[in-house]
Amino acid sequence: VKDRYDAVLVLGLELNSDDSATPELEARLQTAAEVWRRMGADCGKIVLCGGVQPGHHTAEANVMAKWLRQAGVPVERIILERQSQDTMGNCRCAARLLGGAEGKRVLVVTSDYHLPRAVMTARRAGLRADGLAAKTTGRRTGKRLMEACYIADLLLGWQDEGRARPAWTYRLFARAFGEQAKK
């Protein structure tokens, strides 16, 4: 990563049942910490995205902030976005916290299988976005298929402001992907 950014957006991911970070979320955070160590002030603020998901008591952003502080990232570099529930919400809420999307250059950090959609979503939210993938392990075939469906969702405009995905798609996604289809 050589460019200068207004912010690094670290996208949230559902926590373990005890509200701790999953290994996949820790991979995202490790990637963000490495960016901060390499770039310093050139990476801008680090916006940690993610609210309280159903069945949890802690916002994803709070867990992420604790992890990054323990990794040596100064608290003054961190901005918490604790309202969002999904990728589009992550990007829209982060843009608001940055004073609007207009002209804001961001580096989106997320899991490798999620990166294409995440960058597309950030751009759809008006941000000038590049991406950096955190490597994930384990089985990703189902996740990649789910991401392809969500990319279609994005391209069809169902995530645009004031639009909603048709009800039948929620049933289809739930049947095809189960609980994974939340984000």
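Remember, it's a predicted structure, so these values are computed and weren't measured experimentally. Computation of the quantities below employed the complete heavy-atom set of this structure, encompassing side-chain atoms and omitting hydrogens, waters and symmetry-equivalent molecules.
In plain terms, the two heavy atoms of R105 and R4 that are nearest each other are NH1-O, 3.5 Å. Summarising the geometry of L29 relative to V10, their closest heavy-atom pair is CD2-CG1, 4.2 Å, with the distance given to 0.1 Å. A118 and T110 get closest at one heavy-atom pair: CB-CG2, 3.8 Å. For H57 against D19, the heavy-atom pair with the smallest separation is N-OD2, 3.0 Å. Closest approach of Y5 to L107, counting heavy atoms only: CD2-N, 3.6 Å. Among all heavy-atom pairs drawn from A32 and V109, the shortest one is N-CG1, 4.2 Å.
When side chains are defined from C-beta on, N90 counts as touching E81, because their heavy atoms get closer than 4.5 Å. Residues M64 and R28 fail the side-chain proximity criterion, which asks for heavy atoms closer than 4.5 Å. Using a 4.5 Å heavy-atom cutoff, the side chains of L127 and V108 are not in contact. Using a 4.5 Å heavy-atom cutoff, the side chains of V8 and M39 are not in contact.
Note: L9 CG to D130 CG = 12.0 Å, rounded to the nearest 0.5 Å. Summarising the geometry, atom SG belonging to C91 is positioned 5.5 Å from atom CG belonging to L11; distances are rounded to the nearest 0.5 Å. The CD atom of Q85 sits 4.5 Å away from atom CD of Q53, with the distance rounded to the nearest 0.5 Å. To the nearest 0.5 Å, the span separating SG on C49 from CZ on R92 amounts to 13.5 Å. Considering SG of C93 and CZ of R82, their distance stands at 12.0 Å, rounded to 0.5 Å. For the atom pair CG of L115 and CG of L132, the computed distance is 7.5 Å after rounding to the nearest 0.5 Å.
The main-chain N or O of L25 is found under 3.5 Å from a side-chain atom of T22 such that the two form a donor-acceptor pair. Judged by distance alone, with hydrogens and angles left aside, the side-chain atoms of K104 form no donor-acceptor pair with the main-chain N or O of A129 at under 3.5 Å.
For A65, the side-chain contact (heavy atoms from CB on, under 4.5 Å) partners two or more places apart in sequence, or in a different chain, are L48, R69, I78, L80. Checked against side-chain hydrogen bond (donor to acceptor under 3.5 Å, both in side chains), D6 has no partners two or more places apart in sequence or in another chain. For N16, the side-chain hydrogen bond (donor to acceptor under 3.5 Å, both in side chains) partners two or more places apart in sequence, or in a different chain, are S20.
Side chains of Q30 and E26: a donor-acceptor N/O pair is absent below 3.5 angstrom, by distance only.
By the neighbour-count criterion of 12 heavy atoms within 6.0 Å, atom CD of E102 is sparsely surrounded, having that number or fewer from other residues, nucleotides or ligands.
V106 and L97 fall within a single hydrophobic cluster, where Ile, Leu, Val, Met, Phe, Trp and Tyr side chains are chained together by heavy-atom contacts under 4.5 Å. No continuous path of ILVMFWY side-chain contacts below 4.5 Å connects V52 to M88, so the two sit in separate hydrophobic clusters.
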